[in-house]
Amino acid sequence: MEWYVILLILFGALMVLLCMGMPVAYCFLTVATVAAPFIWNLSGGMSLLSSSLVDSLINFTLLPIPLFIFMGEIIFHANVAPQIIDAMDRWIGRIPGRLSLMAVAAGVVFSTLTGTSLASTAMLGSSLVPEMKRKGYSNEMSIGPILGSGQLALMIPPSALAVLLGAIAGVSIGKLLIAIILPGILMAVLFSAYIIVRCILKPGLAPPYSVADFTFKEKMAPTLRYVIPVFFIIFCVVGVIYFGIATPTEASATGAMACLLYVAYLKRATKEVLVKSLTATVKLSVMVLLIVATSSLFSQILSYCGAARGLTNLVSDMNVNRYFILIGMMAITFLLGMFLSAQPIIMICIPVFMPIVAALGFNEIWFCVLFLLNLEIGTITPPFGLALFVMKGAAGRETSMKEVISASGPFIALDCLAMAILTAFPSTCLWLVETMG
(Lines give C-alpha, C1' and ligand atoms only; values in the text may rest on other atoms or scores of the structure.)
Protein backbone atom coordinates (compact mmCIF):
# COMPACT_ATOMS: atom_id res chain seq x y z
CA MET A 1 0.00 0.00 0.00
CA GLU A 2 1.31 3.45 -0.94
CA TRP A 3 2.47 5.71 1.87
CA TYR A 4 -0.04 8.45 1.09
CA VAL A 5 -2.94 6.00 1.34
CA ILE A 6 -1.74 4.90 4.78
CA LEU A 7 -1.30 8.56 5.79
CA LEU A 8 -4.86 9.41 4.75
CA ILE A 9 -6.29 6.38 6.55
CA LEU A 10 -4.43 7.12 9.79
CA PHE A 11 -5.29 10.81 9.90
CA GLY A 12 -8.83 10.18 8.70
CA ALA A 13 -9.44 7.69 11.50
CA LEU A 14 -7.86 10.06 14.03
CA MET A 15 -10.05 13.00 12.98
CA VAL A 16 -13.21 10.86 13.03
CA LEU A 17 -12.51 9.76 16.61
CA LEU A 18 -11.74 13.34 17.68
CA CYS A 19 -14.98 14.59 16.13
CA MET A 20 -16.86 11.86 18.00
CA GLY A 21 -15.70 13.42 21.24
CA MET A 22 -13.31 10.68 22.33
CA PRO A 23 -10.51 11.91 24.64
CA VAL A 24 -7.36 12.78 22.71
CA ALA A 25 -5.14 10.15 24.34
CA TYR A 26 -7.65 7.39 23.61
CA CYS A 27 -7.89 8.53 19.97
CA PHE A 28 -4.16 8.04 19.45
CA LEU A 29 -4.18 4.78 21.40
CA THR A 30 -7.09 3.37 19.41
CA VAL A 31 -5.61 4.24 16.02
CA ALA A 32 -2.17 2.94 17.04
CA THR A 33 -3.56 -0.29 18.51
CA VAL A 34 -5.54 -1.08 15.36
CA ALA A 35 -2.76 -0.05 12.97
CA ALA A 36 0.18 -1.73 14.72
CA PRO A 37 -0.76 -5.36 13.82
CA PHE A 38 -1.20 -4.35 10.17
CA ILE A 39 2.08 -2.43 9.98
CA TRP A 40 3.96 -5.18 11.82
CA ASN A 41 2.58 -8.60 12.77
CA LEU A 42 0.20 -9.18 15.68
CA SER A 43 2.77 -10.23 18.28
CA GLY A 44 5.39 -7.74 17.11
CA GLY A 45 2.89 -4.90 16.94
CA MET A 46 1.54 -5.51 20.44
CA SER A 47 5.06 -5.91 21.84
CA LEU A 48 6.14 -2.62 20.26
CA LEU A 49 2.96 -0.97 21.51
CA SER A 50 3.68 -1.82 25.14
CA SER A 51 7.41 -1.08 25.01
CA SER A 52 6.82 2.26 23.26
CA LEU A 53 4.32 3.34 25.90
CA VAL A 54 6.77 2.51 28.70
CA ASP A 55 9.73 4.17 26.98
CA SER A 56 7.73 7.35 26.41
CA LEU A 57 6.69 7.66 30.06
CA ILE A 58 10.19 7.15 31.47
CA ASN A 59 11.58 9.94 29.26
CA PHE A 60 13.47 12.19 31.71
CA THR A 61 12.98 15.28 29.53
CA LEU A 62 9.24 15.24 30.34
CA LEU A 63 9.79 15.74 34.07
CA PRO A 64 9.48 19.57 33.91
CA ILE A 65 5.85 19.25 32.78
CA PRO A 66 4.33 18.20 36.14
CA LEU A 67 6.63 20.56 38.04
CA PHE A 68 5.70 23.56 35.88
CA ILE A 69 2.03 22.63 36.22
CA PHE A 70 2.49 22.45 40.00
CA MET A 71 3.96 25.97 40.02
CA GLY A 72 0.85 27.33 38.37
CA GLU A 73 -1.56 25.36 40.53
CA ILE A 74 -0.08 26.38 43.87
CA ILE A 75 0.01 30.06 42.87
CA PHE A 76 -3.59 29.78 41.64
CA HIS A 77 -4.95 28.05 44.75
CA ALA A 78 -2.98 30.32 47.12
CA ASN A 79 -4.92 33.25 45.60
CA VAL A 80 -2.06 35.76 45.57
CA ALA A 81 -3.18 37.37 42.30
CA PRO A 82 -5.19 40.24 43.89
CA GLN A 83 -2.25 41.32 46.07
CA ILE A 84 0.21 41.24 43.15
CA ILE A 85 -2.18 43.26 40.98
CA ASP A 86 -2.76 45.81 43.76
CA ALA A 87 0.99 46.24 44.30
CA MET A 88 1.57 46.83 40.58
CA ASP A 89 -1.45 49.11 40.30
CA ARG A 90 0.11 51.60 42.72
CA TRP A 91 2.96 52.28 40.29
CA ILE A 92 0.81 52.96 37.22
CA GLY A 93 -0.06 56.61 36.82
CA ARG A 94 -2.91 58.36 35.04
CA ILE A 95 -2.43 57.01 31.53
CA PRO A 96 -4.97 56.01 28.86
CA GLY A 97 -6.33 52.51 29.31
CA ARG A 98 -4.85 52.21 32.77
CA LEU A 99 -6.57 48.97 33.82
CA SER A 100 -6.05 47.41 30.38
CA LEU A 101 -2.33 48.06 30.66
CA MET A 102 -2.50 46.57 34.16
CA ALA A 103 -3.95 43.42 32.62
CA VAL A 104 -1.00 43.15 30.23
CA ALA A 105 1.58 43.78 32.95
CA ALA A 106 -0.10 41.29 35.28
CA GLY A 107 -0.29 38.80 32.41
CA VAL A 108 3.49 38.96 32.00
CA VAL A 109 4.04 38.48 35.74
CA PHE A 110 1.58 35.60 36.07
CA SER A 111 3.10 33.96 32.99
CA THR A 112 6.33 33.56 34.94
CA LEU A 113 4.43 31.86 37.76
CA THR A 114 1.71 29.72 36.22
CA GLY A 115 3.10 28.09 33.07
CA THR A 116 -0.47 27.43 31.87
CA SER A 117 -2.54 29.94 29.93
CA LEU A 118 -5.96 28.94 31.24
CA ALA A 119 -4.92 29.47 34.87
CA SER A 120 -3.48 32.86 33.99
CA THR A 121 -6.66 33.87 32.14
CA ALA A 122 -8.83 32.74 35.04
CA MET A 123 -6.78 34.69 37.60
CA LEU A 124 -6.73 37.87 35.50
CA GLY A 125 -10.42 37.61 34.62
CA SER A 126 -11.66 37.08 38.15
CA SER A 127 -9.40 39.83 39.54
CA LEU A 128 -9.75 42.59 36.93
CA VAL A 129 -13.01 42.22 34.99
CA PRO A 130 -15.33 43.30 37.85
CA GLU A 131 -13.27 46.45 38.48
CA MET A 132 -13.10 47.24 34.76
CA LYS A 133 -16.88 46.99 34.47
CA ARG A 134 -17.36 49.32 37.44
CA LYS A 135 -15.08 51.86 35.74
CA GLY A 136 -17.09 51.71 32.50
CA TYR A 137 -14.49 49.92 30.35
CA SER A 138 -15.70 48.46 27.06
CA ASN A 139 -15.37 44.76 26.32
CA GLU A 140 -12.61 45.53 23.82
CA MET A 141 -10.52 47.14 26.57
CA SER A 142 -11.43 44.75 29.39
CA ILE A 143 -11.98 41.25 28.03
CA GLY A 144 -9.64 41.70 25.04
CA PRO A 145 -6.41 42.54 26.93
CA ILE A 146 -7.03 39.74 29.43
CA LEU A 147 -7.53 37.20 26.63
CA GLY A 148 -4.37 38.41 24.92
CA SER A 149 -2.09 38.68 27.94
CA GLY A 150 -3.44 35.52 29.57
CA GLN A 151 -2.02 33.49 26.70
CA LEU A 152 1.48 34.86 27.29
CA ALA A 153 1.88 31.93 29.69
CA LEU A 154 2.58 29.81 26.60
CA MET A 155 5.28 32.21 25.42
CA ILE A 156 7.11 33.08 28.64
CA PRO A 157 8.91 30.46 30.77
CA PRO A 158 7.95 28.34 32.57
CA SER A 159 5.75 27.03 29.77
CA ALA A 160 4.65 23.42 30.19
CA LEU A 161 3.48 23.39 26.57
CA ALA A 162 6.94 24.49 25.38
CA VAL A 163 8.46 21.53 27.24
CA LEU A 164 5.95 19.19 25.61
CA LEU A 165 6.62 20.69 22.18
CA GLY A 166 10.39 20.46 22.62
CA ALA A 167 10.19 16.83 23.73
CA ILE A 168 8.03 15.79 20.78
CA ALA A 169 10.01 17.87 18.26
CA GLY A 170 13.33 16.56 19.54
CA VAL A 171 14.88 19.99 20.12
CA SER A 172 16.70 21.37 23.14
CA ILE A 173 14.09 22.25 25.74
CA GLY A 174 16.45 24.69 27.46
CA LYS A 175 17.06 26.59 24.22
CA LEU A 176 13.35 26.62 23.40
CA LEU A 177 12.44 28.03 26.83
CA ILE A 178 15.00 30.82 26.40
CA ALA A 179 13.95 31.45 22.78
CA ILE A 180 10.34 32.26 23.69
CA ILE A 181 11.25 35.05 26.14
CA LEU A 182 11.75 37.92 23.67
CA PRO A 183 8.72 36.95 21.51
CA GLY A 184 6.61 36.99 24.67
CA ILE A 185 7.89 40.46 25.57
CA LEU A 186 7.33 41.60 21.96
CA MET A 187 3.68 40.54 22.18
CA ALA A 188 3.23 42.39 25.48
CA VAL A 189 4.69 45.55 23.89
CA LEU A 190 2.35 45.23 20.89
CA PHE A 191 -0.66 44.80 23.19
CA SER A 192 0.34 47.84 25.27
CA ALA A 193 0.94 50.04 22.22
CA TYR A 194 -2.44 49.05 20.77
CA ILE A 195 -4.25 49.82 24.03
CA ILE A 196 -2.66 53.26 24.41
CA VAL A 197 -3.31 54.26 20.77
CA ARG A 198 -6.93 53.05 20.84
CA CYS A 199 -7.66 54.81 24.12
CA ILE A 200 -6.14 58.07 22.87
CA LEU A 201 -8.18 57.92 19.66
CA LYS A 202 -11.37 56.83 21.41
CA PRO A 203 -11.29 57.66 25.15
CA GLY A 204 -14.78 56.24 25.68
CA LEU A 205 -13.39 52.70 25.38
CA ALA A 206 -11.63 53.14 28.74
CA PRO A 207 -12.97 56.22 30.56
CA PRO A 208 -10.43 58.02 32.75
CA TYR A 209 -11.05 58.01 36.48
CA SER A 210 -9.47 59.48 39.59
CA VAL A 211 -6.51 57.58 40.95
CA ALA A 212 -5.39 57.65 44.56
CA ASP A 213 -1.96 59.12 45.24
CA PHE A 214 0.41 56.82 47.12
CA THR A 215 3.61 57.77 48.85
CA PHE A 216 6.83 56.00 47.91
CA LYS A 217 6.65 53.98 51.12
CA GLU A 218 3.06 52.90 50.38
CA LYS A 219 4.16 51.73 46.94
CA MET A 220 7.25 49.89 48.10
CA ALA A 221 5.70 47.97 51.00
CA PRO A 222 3.39 45.69 48.91
CA THR A 223 5.95 45.59 46.10
CA LEU A 224 8.63 44.16 48.38
CA ARG A 225 6.20 41.65 49.84
CA TYR A 226 4.41 40.41 46.72
CA VAL A 227 6.28 41.44 43.54
CA ILE A 228 10.01 41.31 44.28
CA PRO A 229 9.88 37.59 45.24
CA VAL A 230 8.50 36.92 41.77
CA PHE A 231 11.85 37.97 40.30
CA PHE A 232 13.54 35.38 42.50
CA ILE A 233 11.19 32.74 41.06
CA ILE A 234 11.99 33.94 37.54
CA PHE A 235 15.70 33.55 38.20
CA CYS A 236 15.16 30.08 39.66
CA VAL A 237 13.58 28.99 36.37
CA VAL A 238 14.91 31.16 33.56
CA GLY A 239 18.14 32.49 35.03
CA VAL A 240 19.60 29.13 35.98
CA ILE A 241 18.92 27.82 32.45
CA TYR A 242 20.27 30.91 30.69
CA PHE A 243 23.51 31.03 32.67
CA GLY A 244 24.06 27.29 32.29
CA ILE A 245 23.69 26.63 36.03
CA ALA A 246 20.97 23.99 35.64
CA THR A 247 19.17 21.89 33.05
CA PRO A 248 15.45 22.53 32.34
CA THR A 249 14.58 19.54 34.54
CA GLU A 250 16.61 20.92 37.43
CA ALA A 251 15.21 24.41 36.80
CA SER A 252 11.66 23.10 37.04
CA ALA A 253 12.51 21.66 40.46
CA THR A 254 14.07 24.91 41.69
CA GLY A 255 11.09 26.85 40.33
CA ALA A 256 8.60 24.60 42.11
CA MET A 257 10.57 24.95 45.37
CA ALA A 258 10.70 28.74 44.92
CA CYS A 259 6.92 28.89 44.48
CA LEU A 260 6.45 26.79 47.59
CA LEU A 261 8.72 29.12 49.56
CA TYR A 262 6.86 32.14 48.16
CA VAL A 263 3.49 30.79 49.26
CA ALA A 264 4.91 29.77 52.64
CA TYR A 265 6.42 33.25 53.06
CA LEU A 266 2.94 34.70 52.53
CA LYS A 267 1.59 32.19 55.11
CA ARG A 268 -0.75 30.58 52.58
CA ALA A 269 0.82 27.13 52.32
CA THR A 270 -2.13 25.51 54.06
CA LYS A 271 -3.05 21.86 53.87
CA GLU A 272 -6.05 22.70 51.68
CA VAL A 273 -3.93 24.66 49.20
CA LEU A 274 -1.31 21.89 48.97
CA VAL A 275 -3.90 19.13 48.53
CA LYS A 276 -5.79 21.03 45.81
CA SER A 277 -2.55 21.92 44.03
CA LEU A 278 -1.17 18.38 44.08
CA THR A 279 -4.50 16.88 43.01
CA ALA A 280 -4.86 19.22 40.05
CA THR A 281 -1.20 18.66 39.11
CA VAL A 282 -1.62 14.88 39.06
CA LYS A 283 -4.78 15.09 36.95
CA LEU A 284 -3.26 17.43 34.35
CA SER A 285 0.09 15.63 34.28
CA VAL A 286 -1.51 12.22 33.74
CA MET A 287 -3.56 13.63 30.85
CA VAL A 288 -0.54 15.23 29.18
CA LEU A 289 1.81 12.28 29.68
CA LEU A 290 -0.79 9.82 28.41
CA ILE A 291 -1.17 11.90 25.25
CA VAL A 292 2.62 11.91 24.83
CA ALA A 293 2.88 8.16 25.30
CA THR A 294 0.13 7.26 22.85
CA SER A 295 1.18 9.77 20.21
CA SER A 296 4.75 8.46 20.32
CA LEU A 297 3.62 5.13 18.90
CA PHE A 298 1.54 6.97 16.31
CA SER A 299 4.70 8.81 15.22
CA GLN A 300 6.62 5.52 14.99
CA ILE A 301 3.93 4.07 12.73
CA LEU A 302 4.14 7.13 10.45
CA SER A 303 7.90 6.71 10.26
CA TYR A 304 7.93 2.92 9.74
CA CYS A 305 5.32 2.87 6.97
CA GLY A 306 7.24 5.53 5.06
CA ALA A 307 4.59 8.24 5.36
CA ALA A 308 6.88 10.76 7.06
CA ARG A 309 9.71 10.13 4.60
CA GLY A 310 7.39 10.18 1.60
CA LEU A 311 5.77 13.46 2.61
CA THR A 312 9.18 15.02 3.27
CA ASN A 313 10.46 13.98 -0.17
CA LEU A 314 7.28 15.27 -1.81
CA VAL A 315 7.62 18.69 -0.20
CA SER A 316 11.38 18.86 -0.84
CA ASP A 317 10.85 18.18 -4.55
CA MET A 318 8.27 20.94 -4.92
CA ASN A 319 9.62 23.83 -7.00
CA VAL A 320 8.29 26.59 -4.75
CA ASN A 321 9.79 29.01 -2.30
CA ARG A 322 10.26 27.33 1.06
CA TYR A 323 8.46 30.17 2.82
CA PHE A 324 5.25 29.29 0.97
CA ILE A 325 5.52 25.82 2.50
CA LEU A 326 6.12 27.41 5.92
CA ILE A 327 2.99 29.54 5.46
CA GLY A 328 1.07 26.40 4.52
CA MET A 329 2.18 24.62 7.70
CA MET A 330 1.23 27.63 9.81
CA ALA A 331 -2.16 27.85 8.05
CA ILE A 332 -2.88 24.19 8.83
CA THR A 333 -1.96 24.77 12.48
CA PHE A 334 -4.17 27.86 12.63
CA LEU A 335 -7.18 25.99 11.19
CA LEU A 336 -6.71 23.09 13.59
CA GLY A 337 -6.50 25.58 16.46
CA MET A 338 -10.06 26.65 15.72
CA PHE A 339 -11.32 23.19 16.66
CA LEU A 340 -8.69 21.41 18.77
CA SER A 341 -6.70 22.20 21.90
CA ALA A 342 -2.94 22.65 21.77
CA GLN A 343 -1.81 19.16 22.85
CA PRO A 344 -3.47 17.14 20.05
CA ILE A 345 -2.29 19.69 17.47
CA ILE A 346 1.29 19.13 18.61
CA MET A 347 0.86 15.36 18.40
CA ILE A 348 -0.76 15.48 14.97
CA CYS A 349 1.45 18.07 13.27
CA ILE A 350 4.95 17.93 14.77
CA PRO A 351 5.84 14.36 13.69
CA VAL A 352 4.93 15.39 10.13
CA PHE A 353 6.27 18.96 10.16
CA MET A 354 9.70 18.52 11.75
CA PRO A 355 11.22 16.35 8.98
CA ILE A 356 9.97 18.92 6.46
CA VAL A 357 11.48 21.78 8.49
CA ALA A 358 14.83 19.98 8.56
CA ALA A 359 14.68 19.25 4.83
CA LEU A 360 13.92 22.89 4.01
CA GLY A 361 16.84 24.10 6.13
CA PHE A 362 14.84 26.15 8.65
CA ASN A 363 16.14 26.59 12.19
CA GLU A 364 14.16 24.11 14.28
CA ILE A 365 14.09 26.26 17.44
CA TRP A 366 12.79 29.21 15.42
CA PHE A 367 10.08 27.05 13.84
CA CYS A 368 9.00 25.74 17.24
CA VAL A 369 8.63 29.32 18.52
CA LEU A 370 6.41 30.17 15.53
CA PHE A 371 4.43 26.98 16.08
CA LEU A 372 3.97 27.76 19.78
CA LEU A 373 2.76 31.28 18.97
CA ASN A 374 0.30 29.77 16.50
CA LEU A 375 -0.97 27.46 19.24
CA GLU A 376 -1.44 30.50 21.46
CA ILE A 377 -3.63 32.11 18.81
CA GLY A 378 -5.71 28.92 18.75
CA THR A 379 -6.63 29.24 22.43
CA ILE A 380 -8.49 32.52 21.75
CA THR A 381 -9.80 31.67 18.26
CA PRO A 382 -13.49 30.80 17.85
CA PRO A 383 -15.42 28.60 17.82
CA PHE A 384 -13.67 26.30 20.33
CA GLY A 385 -10.78 28.30 21.82
CA LEU A 386 -10.61 27.13 25.44
CA ALA A 387 -9.61 30.56 26.79
CA LEU A 388 -12.82 32.01 25.36
CA PHE A 389 -14.91 29.74 27.57
CA VAL A 390 -12.74 30.46 30.63
CA MET A 391 -13.12 34.19 29.96
CA LYS A 392 -16.89 33.82 29.53
CA GLY A 393 -17.08 32.22 32.98
CA ALA A 394 -14.96 34.96 34.55
CA ALA A 395 -16.90 37.78 32.86
CA GLY A 396 -20.27 36.64 34.22
CA ARG A 397 -23.68 35.92 32.78
CA GLU A 398 -24.26 39.48 31.59
CA THR A 399 -21.47 39.08 29.03
CA SER A 400 -22.37 36.96 26.00
CA MET A 401 -20.02 34.62 24.17
CA LYS A 402 -20.45 36.81 21.09
CA GLU A 403 -19.01 39.76 23.01
CA VAL A 404 -16.06 37.66 24.24
CA ILE A 405 -15.28 36.47 20.70
CA SER A 406 -15.55 40.01 19.33
CA ALA A 407 -13.14 41.32 21.97
CA SER A 408 -10.55 38.69 21.02
CA GLY A 409 -10.38 39.82 17.36
CA PRO A 410 -7.84 42.69 17.65
CA PHE A 411 -5.52 40.59 19.80
CA ILE A 412 -5.61 37.69 17.34
CA ALA A 413 -4.52 40.23 14.70
CA LEU A 414 -1.70 41.45 16.96
CA ASP A 415 -0.54 37.86 17.49
CA CYS A 416 -0.44 37.41 13.71
CA LEU A 417 1.62 40.60 13.45
CA ALA A 418 4.06 39.22 16.03
CA MET A 419 4.32 36.01 13.99
CA ALA A 420 5.11 38.05 10.87
CA ILE A 421 7.85 39.93 12.75
CA LEU A 422 9.37 36.68 14.00
CA THR A 423 9.29 35.27 10.47
CA ALA A 424 11.00 38.33 9.00
CA PHE A 425 13.52 38.67 11.85
CA PRO A 426 14.43 35.22 13.28
CA SER A 427 17.03 36.84 15.54
CA THR A 428 14.14 38.13 17.65
CA CYS A 429 13.93 34.69 19.24
CA LEU A 430 17.41 33.29 18.48
CA TRP A 431 19.58 36.09 19.90
CA LEU A 432 19.17 35.05 23.54
CA VAL A 433 19.77 31.42 22.59
CA GLU A 434 23.09 32.34 20.98
CA THR A 435 24.23 34.13 24.16
CA MET A 436 23.31 31.33 26.59
CA GLY A 437 25.88 30.09 29.06
Under the rule for side chain to side chain contact (heavy atoms under 4.5 Å, CB included), what residues qualify as partners of Val240, not counting sequence neighbours?
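Applying side chain to side chain contact (heavy atoms under 4.5 Å, CB included) to Val240 gives Phe235, Ile245, Ala246, Ala251, Thr254.
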Partner residues of Ile200 under the side chain to side chain contact (heavy atoms under 4.5 Å, CB included) criterion, sequence neighbours left out:
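Pro96, Ile196.
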Would Lys392 and Glu403 pass as an ion pair if we require N to O under 4.0 Å?
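A salt bridge is absent here (no side-chain N lies under 4.0 Å from a carboxylate O).
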Are the side chains of [Y] and [X] in contact, using a 4.5 Å heavy-atom criterion?
{"X": "Met354", "Y": "Ile168", "result": "no"}
{"X": "Ile405", "Y": "Ile380", "result": "no"}
{"X": "Ile75", "Y": "Cys259", "result": "yes"}
{"X": "Ile181", "Y": "Ile156", "result": "no"}
{"X": "Ser277", "Y": "Val273", "result": "yes"}
{"X": "Ile180", "Y": "Ser159", "result": "yes"}
{"X": "Phe371", "Y": "Met329", "result": "no"}
{"X": "Met71", "Y": "Pro158", "result": "yes"}

Spacing of [X] atom [atom1] and [Y] atom [atom2] [to the nearest 0.5 Å]:
{"X": "Cys416", "Y": "Ile421", "atom1": "SG", "atom2": "CD1", "answer": "11.5 Å"}
{"X": "Thr381", "Y": "Ile412", "atom1": "OG1", "atom2": "CD1", "answer": "4.0 Å"}
{"X": "Ile346", "Y": "Leu336", "atom1": "CD1", "atom2": "CG", "answer": "12.0 Å"}
{"X": "Leu370", "Y": "Thr423", "atom1": "CG", "atom2": "OG1", "answer": "4.5 Å"}
{"X": "Ile195", "Y": "Met102", "atom1": "CD1", "atom2": "CE", "answer": "11.5 Å"}
{"X": "Ile65", "Y": "Thr281", "atom1": "CD1", "atom2": "OG1", "answer": "12.5 Å"}

Between the main-chain N or O of [Y] and the side-chain N or O of [X], is there a donor-acceptor pair closer than 3.5 Å?
{"X": "Tyr194", "Y": "Leu414", "result": "no"}
{"X": "Ser149", "Y": "Ala103", "result": "yes"}
{"X": "Arg90", "Y": "Pro222", "result": "no"}
{"X": "Glu250", "Y": "Thr247", "result": "yes"}
{"X": "Arg268", "Y": "Asn79", "result": "yes"}

Assess the side chains of Thr399 and Lys133: does a donor N or O sit below 3.5 Å from an acceptor N or O?
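Yes, side-chain donor-acceptor contact under 3.5 Å.
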Is a donor from one side chain sitting under 3.5 angstrom from an acceptor on the other, for Gln151 and Thr379?
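On atom types as modelled, these side chains qualify, holding a pair under 3.5 Å.
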Do you know which two heavy atoms are closest between [X] and [Y], and how far apart they sit?
{"X": "Leu154", "Y": "Glu376", "value": "CD1-CA, 3.5 Å"}
{"X": "Ser408", "Y": "Leu147", "value": "CB-CD1, 3.7 Å"}
{"X": "Leu360", "Y": "Arg322", "value": "O-NH1, 2.9 Å"}
{"X": "Leu176", "Y": "Cys368", "value": "CD1-CB, 3.8 Å"}
{"X": "Leu67", "Y": "Ser252", "value": "CD1-OG, 3.1 Å"}
{"X": "Ser111", "Y": "Gly107", "value": "OG-O, 2.5 Å"}

Taking the six-membered ring for Trp, are Tyr262 and Tyr226 closer than 6.0 Å centroid to centroid?
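Between Tyr262 and Tyr226, the centre distance exceeds or equals 6.0 Å.
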Side chain to side chain contact (heavy atoms under 4.5 Å, CB included) between Tyr323 and Phe362, intermediate numbers included:
CA-CA 10 Å; Tyr323 283 95; Phe362 288 122; 3.8 Å; yes
Residues that Phe191 engages under ring pair (Phe, Tyr, Trp, His ring centres under 6.0 Å), provided they are two or more places apart:
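Applying ring pair (Phe, Tyr, Trp, His ring centres under 6.0 Å) to Phe191 gives Phe411.
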Among Val163, Ile234, Thr112, Val238, which one satisfies side chain to side chain contact (heavy atoms under 4.5 Å, CB included) with Pro157?
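For Pro157, the side chain to side chain contact (heavy atoms under 4.5 Å, CB included) check succeeds only for Val238.
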Run through Leu422, Leu165, Leu430 and flag the one making a side chain to side chain contact (heavy atoms under 4.5 Å, CB included) with Val369.
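So the option named by the test is Leu422.
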Evaluate Cys199 against Met141 for side chain to side chain contact (heavy atoms under 4.5 Å, CB included), listing each step before the verdict.
CA-CA 9 Å; Cys199 290; Met141 285 296 118; 3.7 Å; yes
Around atom [atom1] of [X], are there more than 12 heavy atoms from other residues, nucleotides or ligands closer than 6.0 Å?
{"X": "Met401", "atom1": "CE", "answer": "yes"}
{"X": "Phe214", "atom1": "CZ", "answer": "yes"}
{"X": "Phe231", "atom1": "CZ", "answer": "no"}

Step-by-step side chain to side chain contact (heavy atoms under 4.5 Å, CB included) determination, Leu432 to Met436:
CA-CA 6 Å; Leu432 276 181; Met436 285 177 63; 5.9 Å; no
Thr435/Tyr242 under side chain to side chain contact (heavy atoms under 4.5 Å, CB included): CA gap, chis, key distance, verdict:
CA-CA 8 Å; Thr435 60; Tyr242 179 77; 2.8 Å; yes
